[in-house]
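Numbers here are sequence positions counted from 1. Just follow the structure's listing: the first ligand is 1, and inside any ligand the first atom is 1.
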Amino acid sequence: MSHNEQIIAGSAKHPIVPQHYRYGTAGFRMKADLLEGVTYRVGLLAALRSRKLNSQAIGVMITASHNPAIDNGVKIVDPMGDMLEQEWERYATALVNAPSDKDLAKIYNALATDLKIDLEAPAKVIYGRDTRPSGHTLVTALADALDATNTEHVDYKILTTPQLHYLVRATNSEGTPASYGEVSEVGYYKKLAEAFVRTMKGKRIPQVLQVDCANGVGGPKLKEFLKHIPQDKVPFEVQVVNDDVLRPEVLNLDSGADYVKTKQRAPPIPKPQPGLRCCSLDGDADRLIYYWHDPETSVFVMLDGDRISSLAASFIGDLVESAGLRDELRIGVVQTAYANGASTHYITQHLKLPVICTPTGVKHLHHVAQGFDVGVYFEANGHGTVLFSLDAINAFKKTTPQSPAQKEALDTLAALTDLINQTVGDAISDMLLVEVILAHKNWNLRDWALTYQDLPNRLVRVEVANKDVFRTTDAERRLSHPEGCQAEIDQEVKKFKDARSFARASGTENAMRVYAEAATRSEANELADRVAGIVSRWGV
Ligand SMILES: CC(=O)N[C@H]1[C@@H](OP(=O)(O)O)O[C@H](CO)[C@@H](O)[C@@H]1O
Ligand SMILES: [Mg+2]
């Protein structure tokens with residue numbers, strides 16, 4: 001069979017359900033039964049991308065993160081382990097929307113011609129999936145696309161999303177001076193465990209940490225990871241809960257980081273215990289939220305992405321200072337408009353670090369964070385990481401220390417560059433980072449929570465007839481269209497103390513999101529309702 005015939009025959013086995021698809025913030029994500037044809041076509045694009053980039057390995061992750069079990073999704077990972085380059089999202093959209101198998105082959109060939117891709121060059125794609133049962137069918141469709149295009153492929157089976165990102169980078173850097181680690185799941189555990197022990201420096205954390213894994217892939221993977229910490233060096237006791245991956249229907253059900261962040265309460269199971277340190281991962285283990293019930297005040301305290309970000313920035317900022325590198329290295333924090341205003345204030349006024357606001361979606365934050373030597377980025381929902389530039393890594397490793405304190409700071413910084421996933425937000429790696437910082441500062445969760453007080457806030461979802469009439473500017477903090485709508489929002493915001501509110505179209509759902517924060521809970525609620533009302537009126 002010719003190339004084209006192979007592609008067409010493969011596509012006929014995995015038909016597309018006609019409708020309009022778009023490669024969005026999370027790749028393609030929807031009900032799993034719509035995704036078989038989509039995944040086949042994503043396989044074709046991944047093969048093209050590998051051929052375009054000198055046969056480097058491209059990743060494909062099959063997951064729908066915190067969505068219900070019946071959903072699934074597929075997204076592409078670039079060679080360094082970051083998200084697919086934005087320009088290529090359009091090509092993905094074009095391929096997936098090809099009306100027939102023949103059109104698909106035509107678009108595939110046209111892309112190859114336009115992008116000057118040699119279809120005979122070698123190509124490599126590696127892939128993994130979360131615990132959703134629909135992942136099996138989707139992986140078959142993906143493998144068929146890779147076979148049809150003579151692409152070498154490796155199936156890593158069940159993985160967390162950040163593990164796949166790690167493996168892509170490790171594969172492409174194998175055998176080079178920039179090697180990212182052993183090219184295996186175990187290599188990932190070994191790298192994290194070694195860096196964790198090295199950063200902990202023998203410190204212990206006396207209180208237990210309960211980790212809710214949303215009944216997703218994070219549960220088994222976290223348990224596997226823990227086995228790689230040498231027995232005599234385990235610094236803390238971890239209780240893994242909500243780790244049932246055998247009953248798909250419980251995935252993300254009343255549990256996980258998204259549940260805790262949006263409901264602003266602990267999962268009902270296991271029954272919340274006052275004083276217990278807790279954290280939640282999401283369904284594919286790339287988001288992390290900490291929380292506890294203060295036993296003295298009975299208040300639920302949530303420590304979200306903004307908190308992790310400011311904690312990391314404060315700790316790393318101090319280390320860079322002690323290492324004598326403050327004038328050499330640029331440290332900055334990247335947030336979105338959803339970051340609590342109190343966190344932005346704390347970082348700029350107290351930590352004296354610059355904050356840049358980007359549009360929603362990790363790829364935007366990641367990109368801006370790359371502009372710093374130490375770029376800390378988190379979305380409020382708990383997805384984020386810390387990126388170190390080559391200059392920073394070299395400075396940590398090559399500076400000759402003049403004092404024991406400086407040596408200690410440099411060693412810790414060097415270890416952090418291995419502990420923190422450099423490709424994408426990673427809940428397991430972020431959790432270890434938080435534990436290291438709390439141990440070094442000798443802090444419990446209350447100490448951490450006391451660094452600043454969150455402004456009360458509310459996020460509401462507003463369904464409108466046509467969300468496309470809403471267009472934003474200023475990193476999504478203001479609406480440019482429909483004209484006149486922003487002026488109405490401004491009028492309302494003015495009436496409240498310390499208030500801020502904005503509206504934008506969701507990139508992942510067919511709805512508008514309205515965020516409001518203000519000095520008191522009732523004011524934040526009132527403002528959110530009023531702005532939601534404005535959005536409803538303009539959205540008809
Ligand atoms: C307010 C909010 O949490 N928005 C989320 C959500 O995007 P929306 O475009 O708001 O639907 O999903 C994105 C992908 O997971 C995530 O990056 C983002 O932070
Ligand atoms: Mg996720």
Suppose the cut-off is 2.8 Å; how many protein N/O/S atoms fall inside it around the Mg ion (ligand 2)? 4
Stepwise ring pair (Phe, Tyr, Trp, His ring centres under 6.0 Å) test for Tyr23 and Phe28: CA-CA 5 Å; Tyr23 195 101; Phe28 297 104; 5.2 Å; yes
Asp82: partners by side chain to side chain contact (heavy atoms under 4.5 Å, CB included), with sequence neighbours left out: Asp78, Met80, His366, Gln370
By side chain to side chain contact (heavy atoms under 4.5 Å, CB included), Gln491 pairs with (sequence neighbours left out) Lys494
Do the side-chain N and O atoms of [X] and [Y] include a donor-acceptor pair separated by under 3.5 angstrom?
| X | Y | result |
| --- | --- | --- |
| Tyr189 | Gln163 | yes |
| Asp426 | Tyr188 | yes |
| Glu517 | Tyr515 | yes |

Do Glu185 and Lys157 meet the salt-bridge criterion of a basic N to acidic O distance under 4.0 Å? no
Under a 4.0 Å N-O cut-off, is there an ion pair linking Arg277 with Glu435? yes
Who are the residue neighbours of ligand 1 when the rule is a heavy atom under 4.0 Å from any of its atoms? Arg287, Tyr338, Thr360, Gly361, Glu379, Asn381, Arg504, Ser506, Gly507, Thr508, Arg513
Near-ring test Phe196/Phe236, centroid separation under 6.0 angstrom: yes
